[in-house]
Amino acid sequence: MSDRPILQVWGAEHRFDDRMILRGVDLKVRQGEIYALLGPNGAGKSTLVRAVCGRLKLTGGEVALDDKDPWSNPAARRVVGVVPQDLALYPHLTVRENLETFGRLSGVKGRALQDAVRQALRLTRTEDREHAPVGHLSGGYKRRVNIGAAILHQPKLLILDEPTVGVDIDARAALDSVIRALRDMGTAVLVVTHDLDQAGGLADRVGFLREGRKVLEGAPHALIEQAFGAEMEILVELSVEADAATEAALAGEGLTRREGDGLWTRLDAGGYAAAGRLDKRLRRAGVVPREIRVREPSLQNLFTLVAEWRRAA
Ligand SMILES: Nc1ncnc2c1ncn2[C@@H]1O[C@H](COP(=O)(O)OP(=O)(O)OP(=O)(O)O)[C@@H](O)[C@H]1O
Ligand SMILES: [Mg+2]
């Protein structure tokens, strides 16, 4: 990884009417680095991304893309490729035709366009569908073509907004490996996501944005180790839907129910031994877990912890 930041943001501030949306955010993304920008709805992620792309003029602070201001300098905007959250492809055109069209739109022509299309097909692993209409492809392929359309002008910074929404696990893994391949070629990657599992596995660094401020930043593993030390996460999966008595028993053990997958979890420095004791106590209370897992805390745990710090502060 090179030390040269492709993207630099200093003290970004933004006010919509009289609401402060960004309150002094610094950000650096370097060549060959994947940076995941995380944060709850309304934290200001998309506003920051719009400023980075030169689509919004900040009310305070500065942005430099390859040392140029993207708002006042159109050349700076060519440094970035944006993969929008919604698919922006022509369903009736084939993959190749889509890429050729987007390449022309970003000013690539002739021989260079043919080379760029070939490289995009290869990098996004969509060569085997080159002549299929995009409308016939699976969701995962469409997402990869969407990335292909954003890299034809060989941007130094690729920005992806919520790339995994509506994508299944297998397709997500394929998407991650495409993003890594681009990083390994030296592209700087900024991923905006709610998907903490994806961010934890993919990003070299993550930053949490909250109410317009960056509240935490670093390498996922280091952040998790700092915050949790020896604590492990215990996850309990039930074989049947919990009734009121079961919920009370689980809550009595300090477990909370996760949104999304419905697993019950808690942190515990006792690791596997603590999980074994928990299993015995739950069974005595008439709760039969289907499975109890022990694992290293995730970014999800860290995110919850940060939310608690904020409430306590
Ligand atoms: N053009 C606008 N005018 C006024 N307020 C806006 C405008 N765009 C965004 N906002 C507000 O700014 C805040 C931050 O929005 P932003 O889209 O940056 O959040 P986000 O972190 O991307 O959230 P999400 O995860 O939901 O995409 C929100 O409260 C939003 O309502
Ligand atoms: Mg957003």
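Since we're looking at a predicted model, the values are computed, not measured. Read the numbers this way: they start at 1 and go in the same order the structure lists the ligands and their atoms.
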Whether the Thr246 and Asp243 side chains hold a donor-acceptor pair (N or O, under 3.5 Å, no angle test) is what I'd like checked. yes
Between Arg205 and Glu217, is any pair of side-chain heavy atoms under 4.5 Å apart? yes
2.8 Å cut-off met by an N, O or S atom of Asn41 to the Mg ion (ligand 2): no
Hey, does Val117 have a side-chain heavy atom less than 4.5 Å from the side chain of Leu121? yes
Using a 4.0 Å cut-off to any heavy atom of His194, which atoms of ligand 1 qualify? 25 (O)
Which is closest to atom 25 (O) of ligand 1 by heavy-atom distance: Glu211, Lys45, Gln85? Lys45
Does any part of the side chain of Phe303, heavy atoms only, come nearer than 4.5 Å to the side chain of Pro40, both counted from C-beta? yes
Polar proximity ligand 1 side, Gly39 side, N/O cut 3.5 Å exclusive: no
Min side-chain heavy-atom separation His221-Glu296 under 4.5 Å: yes
Distance-only, no hydrogens or angles: does the Asp17 side chain make a donor-acceptor pair with backbone N or O of Arg19 under 3.5 Å? no
Nearest-neighbour protein heavy atom for atom 17 (O) of ligand 1, which is reported as residue plus atom name and distance: Ser46 CB, 3.6 Å
Quick check: Asn41 and ligand 1, any N/O pair under 3.5 Å apart? yes
Give the atom numbers and elements of ligand 1 that come within less than 4.0 Å of a heavy atom of Thr47. 15 (O), 16 (P), 18 (O)
Nearest neighbour of atom 19 (O) of ligand 1 from the list Ala51, Pro40, Gly44, on a heavy-atom basis: Gly44
For atom 3 (N) of ligand 1, which protein heavy atom lies nearest, and how many Å away is it? Phe16 CD2, 3.4 Å
Side chains of Leu7 and Ile159: closer than 4.5 Å at any heavy-atom pair? no
List ligand 1 atoms under 4.0 Å from Arg19, heavy atoms only on the residue side. 29 (O)
If we only count heavy atoms from C-beta on, is the Trp264 to Leu238 side-chain gap below 4.5 Å? yes
Consider every N or O of Ala43 and every N or O of ligand 1, then say whether any pair is closer than 3.5 Å. yes
Of the listed options Asp17, Leu48, Ile21, closest to atom 12 (O) of ligand 1 (non-hydrogen atoms): Ile21
min-distance protein heavy atom vs atom 23 (O) of ligand 1 -> Gly42 N, 2.8 Å
Among Arg284, Arg281, Arg283, which residue satisfies the salt bridge (charged side-chain N to carboxylate O under 4.0 Å, His left out) criterion with Glu253? Arg281
Any protein heavy atom at under 4.0 Å, with atom 6 (C) of ligand 1 as the reference point? yes
